[in-house]
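For reference, the structure discussed in these notes is given below.
Note that ligands are numbered from 1 as they come in the structure, with each ligand's atoms numbered from 1 the same way.
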Amino acid sequence: MLTIALTKGRLLAGALARLAAAGIRVPGVEESRELAVRDLSGKHRLIFLKDMDCPTYVEYGVADVGICGKDVIGETGCDVLEPLDLGFGRCRMVVAGPAARARNSGEVPTSLRVATKYPRTALAHFEAGGIPVELIRLSGSVELAPGLGLSDLIVDLVETGRTLKANRLAVREVIAESTARCIVNRASYAVKNAAVRRFLDAVGSP
Ligand code: PRP
């Protein structure tokens with residue numbers, strides 16, 4: 001049996017559609033509150049996790065494979081194989097700030113505060129640019145932070161851009177593109193190679 005880690009957020013519908021196309025079906029799963037379910041064949045167990053926890057479950061081998069965003073794999077820094085770009089869930093990791101920039105007063109800010117759910121990604125980005133920042137780690141609704149004076153900038157995901165616009169923010173810089181990826185536990189790839197390969201072939205060709 002293969003255990004498949006899925007995330008409960010924006011990628012869930014796309015991931016379940018790929019699994020269904022690959023013959024891995026769990027009727028009623030989207031309405032259920034059960035967090036671990038078997039598919040109809042009994043050959044797969046699906047577990048439902050918060051985005052950031054998906055690579056952890058795969059790294060530790062609790063799940064053999066997982067479907068999660070490239071952004072999350074980079075942020076967690078987990079040691080997993082990433083053999084397949086599934087192509088859906090396309091979004092961008094960006095630096096954003098107030099759409100109406102304050103007039104340049106001539107003052108150079110001594111420290112820049114950046115609010116984000118992705119501190120590791122944000123820090124790596126600003127460090128690479130040699131820009132010192134104070135990171136403020138948030139769990140969600142990050143787009144509120146600049147308007148309420150908590151931070152100067154945010155680092156966050158943008159898909160349609162509606163949340164930025166509704167909160168009077170604009171993209172300042174694109175850090176990376178992200179899509180849904182299939183990740184695999186290193187030991188599972190060796191020990192359950194035939195089953196993992198069958199799974200990758202099936203979900204990789206929609
Ligand atoms: C994500 C992301 C942005 C929003 C972007 O948040 O962090 O807030 O979606 O989407 P858009 O560009 O299509 O508007 P999510 O919906 O996961 O909720 P959260 O704020 O609770 O993290």
Protein contact to atom 5 (C) of ligand 1 [nearest heavy atom, distance to 0.1 Å]
L157 O, 3.5 Å

Heteroatom distance test (V158, ligand 1): nitrogen or oxygen, under 3.5 angstrom:
no

Taking only heavy atoms of E143, which atoms of ligand 1 are found under 4.0 Å from at least one of them?
3 (C), 8 (O)

NZ/NE/NH1/NH2 to OD/OE distance under 4.0 Å, E75 and K117:
no

Name the closest protein heavy atom to atom 21 (O) of ligand 1, giving the residue it belongs to and the distance to 0.1 Å.
G140 CA, 4.0 Å

Using a strict cut-off of 4.0 Å, indicate which atoms of ligand 1 neighbour a heavy atom of T160.
11 (P), 12 (O), 13 (O), 14 (O)

Where is the nearest protein heavy atom to atom 19 (P) of ligand 1: which residue, which atom, and how far?
K117 NZ, 3.6 Å

Taken to the nearest 0.5 Å, the spacing of D71 CG from I175 CD1 works out to 11.0 Å

With the threshold set at 4.0 Å, does a side-chain nitrogen-carboxylate oxygen contact exist between D39 and R25?
no

Nearest to atom 14 (O) of ligand 1, what protein heavy atom do you find, and at what distance?
T163 OG1, 2.4 Å

Nearest 0.5 Å, please: how far is CD1 in I73 from CD1 in I183?
5.5 Å

For atom 20 (O) of ligand 1, the closest protein heavy atom turns out to be S141 N, 3.1 Å

Considering only non-hydrogen protein atoms, determine which one is nearest to atom 1 (C) of ligand 1 and report residue, atom name and distance to 0.1 Å.
R10 NH2, 3.0 Å

Are any non-hydrogen side-chain atoms of V203 and V65 less than 4.5 angstrom apart?
no

